Amino acid sequence: TMAAAKASKEQKYDRQLRLWGDHGQEALENAHVCLINATATGTEILKNLVLPGIGAFTIVDGHTVSGEDAGNNYPFIVMFILQNRAQAATELLQELNSDVSGNFVEETPDKLLDNDPEFFHRFTIVVGVQLPESTCLRLGSVLWNASVPFLICKTYGLIGYMRLVAQEHTVIESHPDNALEDLRLDQPFEEFKNHTNSYDLDSMDKKDHSHTPWIIIVAKYLENWLSEHSGQLPKNYKEKEAFRQMIREGIRKNDSGVPEDEENFEEAIKNVNTALNLTKIPSSIENLFNSEQCNGITAQSSPFWVMLRAVKEFVHDEGRGSLPVRGTIPDMIADSQKFINLQNVYREKAMQDAAAVSKHVECLLRSVGKVCKNASFLRVVRCRSLAEEYSVDSVNKDEIASYMDNPDSEMVFYLMLRAVDRFYQQHSRYPGVYNYQVEEDINKLKVCVNSLLQEYSLSVNIKDDYIHEFCRYGAAEPHTVSAFLGGSAAQEAIKIISHQFVPFNNTFIYNAMSQTSATFQL
Amino acid sequence: MAEMDEPEKKRTKVVELTENMVVDGGSGVSCEWGGRWNHIKTFLERPGPFTHPDFEPSTESLQFLLETCKILVIGAGGLGCELLKDLALSGFRNISVVDMDTIDVSNLNRQFLFRPKDVGRPKAEVAADFINSRVPGCCVVPHFKKIQDLDETFYRQFHIIVCGLDSIVARRWMNGMLLSLLVYEDGVLDPGSIIPLIDGGTEGFKGNARVILPGMTACIDCTLELYPPQINFPMCTIASMPRLPEHCIEYVRILQWPKELPFGDGVALDGDDPEHIQWVFQRSLERAAEFSITGVTYRLTQGVVKRIIPAVASTNAVIAAACATEVFKLATSAYVPLSNYMVFNDVDGLYTYTFEAERKENCSACRQVPQDLHFHPSSKLQEVLDFLTESASLQMKSPAITATVEGKNKTLYLQSVASIEQRTRANLSKTLKELGLTDGQELAVADVTTPQTVMFRLCFTS
């Protein structure tokens, strides 16, 4: 039955639903991912997308399964040696999740681009694995123009490489790890003021006094402070200390003059610093408000920009310079009633603000609530195109040179991968694949390194050791490095598909020798 | 574009192929084929500028991996499944795996060696079957057991042990076991008795991988502060002042269930029983309604009762891969191993941080010297017990304390055996002096967090 199938899916996906919610899962199930090249890295990436339940995948691969493939690739592919790798991988991966539908195209991406360039337009994201530079650039340009995100992955010896190419990726729910609360104590809204006025700390009995939420306590004492300091909030350490002392003096004393154990007051004192943070719009959001997409809303604008624009209008109108109230408060010592009442004050204000934003939106979109709650955390990630990265005119020389001040920085691996691509272009093979090639290829690779540095006018020094090491690798794709990249890439793809959590921008290097990594913006 | 036939047809074909392989011993597929290990050989047979100082390129390393090297994988869950695959595809053939659990539906989103039809079967056995039938030549031996059910003789046979556990107590136990295998001659550690321990852990989008050389580098207990104790809500909040939906659920679990025993006397709350969770869910809704608290859902209820940690395939894949790379490095000396702790987080971009955790001077697990306990002779035994359980660096669960008093071995307190607990309970309210303990005397403490007794030295304060 439908209900039973739904319940069983919820059980299966329970552990991940707790991370990205039902709506995130829905986005995954509506996604169609394209994988180019079912090498070990490719199948690992796809495995980690099939397991969480993407809607569909298509593998594009013109190769047949080789003995090498069968050694480092998904278990059992050995049975398919000499058969087409796209089909083999599709069958094996399908097994992992009956909810996912798999397809394959036994063709090289270059051929597809020749015959049917619009083939790739249908995908939510394209993941390209172990692709030569020329194919990447070609595909990169097609996908850029079609606004399809492109994730390039490569395992080369003990080095993993990922490059995200996404013109404009919007994130509504970034789920920041340590966000500050949105309490508005520096500019209390009407309903909050009324609520605090309903409290008279001095006339409360002992139990009520010690179970009043710290937010109320801070608000009350802040009122006193403001009236004694011409409406100026405590600004520096000295003033905040004095303010804390003011609150401390509010702790009830017993008959012998000893202060009672009032944990809620201790909480108030502890939270003074963050409670007095000024409510302000993060500069990243101001930038979004000032962007073209926000100011030039058209019928083609995506829901994200329409909602952002509505939030901007809210800020200038009902919000009086502030974002919609988030509506959540942290847990704190208080009796149930006082806590719930206070929580409701914030919640109702948040709903009110969201309703006001809704009015600013022409078509009613389901996600308005989510945008408001996350207004401070909206993110837009813009990755430069491959063309920009590779062009002599726009190469990010500064980034490369500054990292290479340390010649052992992960940046050296990026440069080596570029050099190796160059080698492939010239010699139609990768360096050092066979033992007898290793020695002589070192010099050939060095020539490629030098020509690369020269072309981009990069005066950096690449140690010979790295050139030797990259010949030694012989373009090997060891399984454990593929698997590391497989997990990393899959999660980035999930971020792109679900618009939750923030993807990297835009080049990631993993070094399995030292178990270190770095992200560069190239 | 080739559209797949009904997925069912394809799945049946794969299953058939599996069966053929097992019955025929290969159906023409021998254990080796051309190019099989090419992706690994470059690291074993070629010299290089970044190899371990001890590394010698040779064809023998591969033979060692294939024929001799014995690896133990602890756990066949999220990390364990990935580890078994990673090791099998990296040339390791003699692998044992220990796991005491059976397969649950909620495992299937990441523990990819299991299928819906396997639900209820032991993880170790299904995992071993899968790898053995799909990676020719690989021999995984399963042990459907608790790690504590296996002894020194068992653990001693392995070259490297890699853990994919979900419990700190279990980690500490393994740590203690490997420490107990160390041989010291005249105070000098015999390096031949060291079994490297590689430990991986994940939680949502975060994870870590570490390499431990018992007796030489920081052990699990040296860095216990990295695993802060679980915070439980205060009882007064749960009992009379709930504010969050979680408080309501804990109320039902801790107070209401034992009182009402809804499924019969002696029937404990089973987080895996949907009927039990449904009962808790309904009562939690009632409790929440009393206090106008919103947010109690079935999912939240289950999460709180079972202390569920969210999990996805990707994080497990990353951490297991890092661990497997370290196993490879240690087994072949191909590269210098991770020294010694890597942290990973992909919530915002991808972030890794690698550092060298230091050995603790007075680690109760890996230092040979008894740890000092400072107490006033008029302190009660209960205070000592509290210290052992609450101290961030000890975090014991239910320590049993014995001491030699007046020449005789005396159990001061032991919680885990009911009759002894009753007999010794009165000691908790006695002072150390009353119990006949003297300054400088040794206390032997046993606990589930370690297979060996931990020695402490009592130092009286004035």
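As the structure is a prediction and not an experimental result, all values here were calculated from the model. So that the names make sense, note that chain A is the first sequence line, chain B the second, and so on, each numbered from 1.
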Side-chain heavy atoms of B:K206 within contact of A:D177, under 4.5 Å = yes
Contact class of A:S8 relative to chain B, heavy atoms under 4.5 angstrom | backbone
Over 12 foreign heavy atoms within 6.0 Å of CD, B:Q278 | yes
Closest heavy-atom contact between A:S514 and B:L338?
-> O-CD1, 4.3 Å
With distance as the sole test, does A:R472 use its side chain to make a donor-acceptor pair with the main-chain N or O of B:R46 at under 3.5 Å?
-> yes
Which atom names give the shortest non-hydrogen contact between A:A512 and B:T325, and what distance separates them?
-> O-CG2, 4.0 Å
Taken to the nearest 0.5 Å, the spacing of A:I340 CD1 from B:T294 OG1 works out to 7.0 Å
Which bit of A:V433 comes within less than 4.5 Å of chain B, counting heavy atoms only: side chain, backbone, both or neither?
-> backbone
To the nearest 0.5 Å, what is the distance between CD (A:E10) and OG (B:S106)?
-> 13.0 Å
Name the orientation class of the two ring planes belonging to B:F112 and A:Y74 (parallel below 30°, tilted from 30 to 60°, perpendicular beyond 60°).
-> tilted
Find out whether B:K85 and A:E44 are in side-chain contact, i.e. whether some heavy atom of one side chain is under 4.5 Å from a heavy atom of the other.
-> yes
Cut-off 4.5 Å, heavy atoms of chain B, and the answer for A:Q500 is neither
Looking only at non-hydrogen atoms, find the nearest pair between B:V312 and A:L19 and report the distance.
-> CG1-CD1, 3.6 Å
How far apart are the closest heavy atoms of A:R379 and B:D348, and which atoms are they?
-> NH1-OD2, 3.6 Å
Measure A:E106 against the heavy atoms of chain B and call it side chain, backbone, both or neither at under 4.5 Å.
-> neither
Inspect the surroundings of CG in A:N341 and state if more than 12 heavy atoms from other residues, nucleotides or ligands are less than 6.0 Å away.
-> yes
So, A:Q491 versus B:D346: side-chain donor-acceptor pair below 3.5 Å or not?
-> no
Heavy-atom proximity to chain B below 4.5 Å, by part of A:T516 | both
Is the closest side-chain heavy-atom distance between A:L158 and B:F50 below 4.5 Å?
-> no
Provide the closest heavy-atom pair for B:P49 versus A:D465 in the form atom of the first, atom of the second, distance.
-> CG-O, 3.2 Å
Below 4.5 Å from any heavy atom of chain B, which atoms of A:E107 appear? Answer side chain, backbone, both or neither.
-> neither
Just give me the residue among A:A490, A:P503, A:A70 that pairs up with chain B most often, heavy atom to heavy atom, under 4.5 Å.
-> A:A70
So which part of A:K463 gets closer than 4.5 Å to some heavy atom of chain B, the side chain, the backbone, both or neither?
-> neither
Given B:R299, B:Q111, B:M342, the one with more heavy-atom pairs under 4.5 angstrom with chain A than any other is B:R299
Return yes if some donor-acceptor pair links the side-chain N/O of A:Q515 with the main-chain N/O of B:A322 below 3.5 Å, else return no.
-> yes
Would you mind reporting whether A:K12 and B:N107 have side-chain heavy atoms less than 4.5 Å apart?
-> no
For residues B:R134 and A:L92, determine if any side-chain heavy atom of one lies less than 4.5 Å from a side-chain heavy atom of the other.
-> yes
Could you label the plane-to-plane angle of the A:F501 and B:F205 rings as parallel, tilted or perpendicular, counting under 30° as parallel and over 60° as perpendicular?
-> perpendicular
So, the side chain of A:H479 versus the backbone of B:S90: is there a donor-acceptor pair under 3.5 Å, distance only?
-> no
Please determine, among A:Q11, A:M513, A:H175, the option with the most heavy-atom pairs under 4.5 Å with chain B.
-> A:M513
Among the listed options A:P52, A:G474, A:C471, A:S488, the residue most often paired with chain B at heavy-atom distances under 4.5 Å | A:S488
If one checks every heavy atom of A:Q337 against chain B at 4.5 Å, the contacting part turns out to be neither
Please say whether more than 12 non-hydrogen atoms of neighbouring residues, nucleotides or ligands are located less than 6.0 Å from CZ in B:R287.
-> yes
Identify which part of A:P478 has an atom lying under 4.5 Å from any heavy atom of chain B, answering side chain, backbone, both or neither.
-> both
Using atom types as modelled and distance alone, determine if a side-chain donor or acceptor of B:R243 lies under 3.5 Å from a backbone N or O of A:A334.
-> yes
Sort A:L17 into side chain, backbone, both or neither according to what part of it lies under 4.5 angstrom from a heavy atom of chain B.
-> both
Cationic N near anionic O, under 4.0 Å, B:K306 to A:D14 = no
Could you tell me whether A:E68 and B:K41 make a salt bridge, using a distance below 4.0 angstrom between a side-chain N and a carboxylate O?
-> no
Heaviest contributor of heavy-atom pairs below 4.5 Å to chain A, chosen from B:G34, B:C323, B:P242, B:P234, is B:P242
For B:T42 and A:A476, the nearest pair of non-hydrogen atoms, with its separation, is OG1-CB, 3.9 Å
Is A:Y510 close to B:L350 at the side-chain level, that is, under 4.5 Å between some pair of heavy atoms?
-> no
Whatever's closer than 4.5 Å to a heavy atom in chain B on A:M162 counts as side chain
Side chain, backbone, both or neither of A:K338 within contact of chain B (heavy atoms, under 4.5 Å) | neither
Do B:E246 and A:D331 have side-chain heavy atoms sitting under 4.5 Å apart?
-> no
With a 4.5 Å cut-off on heavy-atom pairs, point out which of A:A40, A:S174, A:G432, A:S66 contacts chain B the most.
-> A:G432
Would you call B:R110 and A:Q16 a side-chain contact if the rule is heavy atoms closer than 4.5 Å?
-> no
Out of A:F508, A:Y466, A:Y13, A:F339, which one racks up the most heavy-atom pairs below 4.5 Å with chain B?
-> A:F339
Please confirm whether the backbone N or O of B:D86 pairs with a side-chain atom of A:T480, one donor and one acceptor, at under 3.5 Å?
-> no
From CD (A:E410) to OG1 (B:T352), nearest 0.5 Å | 7.5 Å
Check each atom of A:Y473 against the heavy atoms of chain B and say whether the ones under 4.5 Å are side chain, backbone, both or neither.
-> both
With only heavy atoms counted, which part of A:Y434 is less than 4.5 Å from chain B, the side chain, the backbone, both or neither?
-> backbone
